Amino acid sequence: MGRRRGEWPAEPEALPGPVVDNHTHLESISEVLEPGVADPGVAAQLQRAAALGVEAVVQIGCDLDSAEVSVRWAHEHPQLVAGVAIHPNEAVLHAGVREIAPDGLEPAPLPRHARSLDDAIARIAELARDERVRTVGETGLDFFRAGEQGRAVQRESFRVHIALAKELGLPMQIHDRDAHADVLDVLTRDGAPDVTVFHCFSGDAEMAAECARRGYYLSFAGPVTFGSADEVRAAAAVVPASQLLVETDAPYLTPAPHRGAPNAPYLLPITVRRLAEVRGDDLGALCRQLRETSRSLYGV
Ligand SMILES: [Zn+2]
């Protein structure tokens, strides 16, 4: 999670038309703020975002606790729909694997991890049947944190989530960190759900073209604004407009020039503007296309 985040950035200019934040974690905002910085809460965050053109969000609950919260919020707020899954790093903890990550961070199991991985996914499968849940995600592979044992657990968990998305006819959102080839391999072997979305796409242009060829959707987040992210911008430029999505992944990945500050859906216009520049798209036309794609995938 990294260091705590300071003051909220100023509001960016509003978008010319409404879009949807494809992937956000509003329940995590309070966990990343420096002491003294207020979390305005989900209703205020949604209102602030809507005023700038971000009219709906897909709230991702990817552990047992946040999945329950996300489904509840989806019933309380018409502009929020939910995604539920066991994140690959969560799957490792439910399976009782304790590997030290390359950054030296030791996993710290929480009370929810006393439940077995099978049991945890069974609860996700129940929640996913709620009519306000519109995606299974985020699932996938995170090889940054996992060693050999953890990777095996993640692969099996990913496969069960793929089967669940297919069974329920829901879109699936994929988390892929340092695991591009393996994610594509699992999708090839098991067959991808009809709607497969790479959240916070982090591959290069070649992988983006391959994903597009397979009919997958690619969602871009704050990194398209980062100085060092030429590879991600090159990827964004080759995706057909109809397979493109945008997201904040808030409270993480705050777009430049606000890195180090907390992120929230109201900052999505910064990323959308940069995406339009990188692709040479008319901003209004890009917003209309993004809005239409989100509607067709998630019914928002
Ligand atoms: Zn996420």
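We count ligands from 1, going down the list as the structure has it; atoms in each ligand are counted the same way. Owing to the predicted nature of the structure, the values given are computational and were not obtained by experimental measurement.
- Ring pair His113/His94 is perpendicular by interplanar angle, where above 60° counts as perpendicular and below 30° as parallel.
- Checked against a 6.0 Å centroid threshold, the rings of His75 and His77 do not count as neighbours.
- Note on His23: counted as a metal contact of the Zn ion (ligand 1), an N/O/S atom lying under 2.8 Å.
- Atom OE2 is the N/O/S atom of Glu138 found closest to the Zn ion (ligand 1).
- The closest side-chain donor-acceptor pair between Thr248 and Asn263, if any, does not fall under 3.5 angstrom.
- For Asp249, the N, O or S atom with the smallest separation from the Zn ion (ligand 1) is OD1.
- Metal site remark for the Zn ion (ligand 1): His25 contributes an N, O or S atom at a distance under 2.8 Å.
- Comment: Asp185 engages Arg189 in a salt bridge, judged by a side-chain N to carboxylate O separation of less than 4.0 angstrom.
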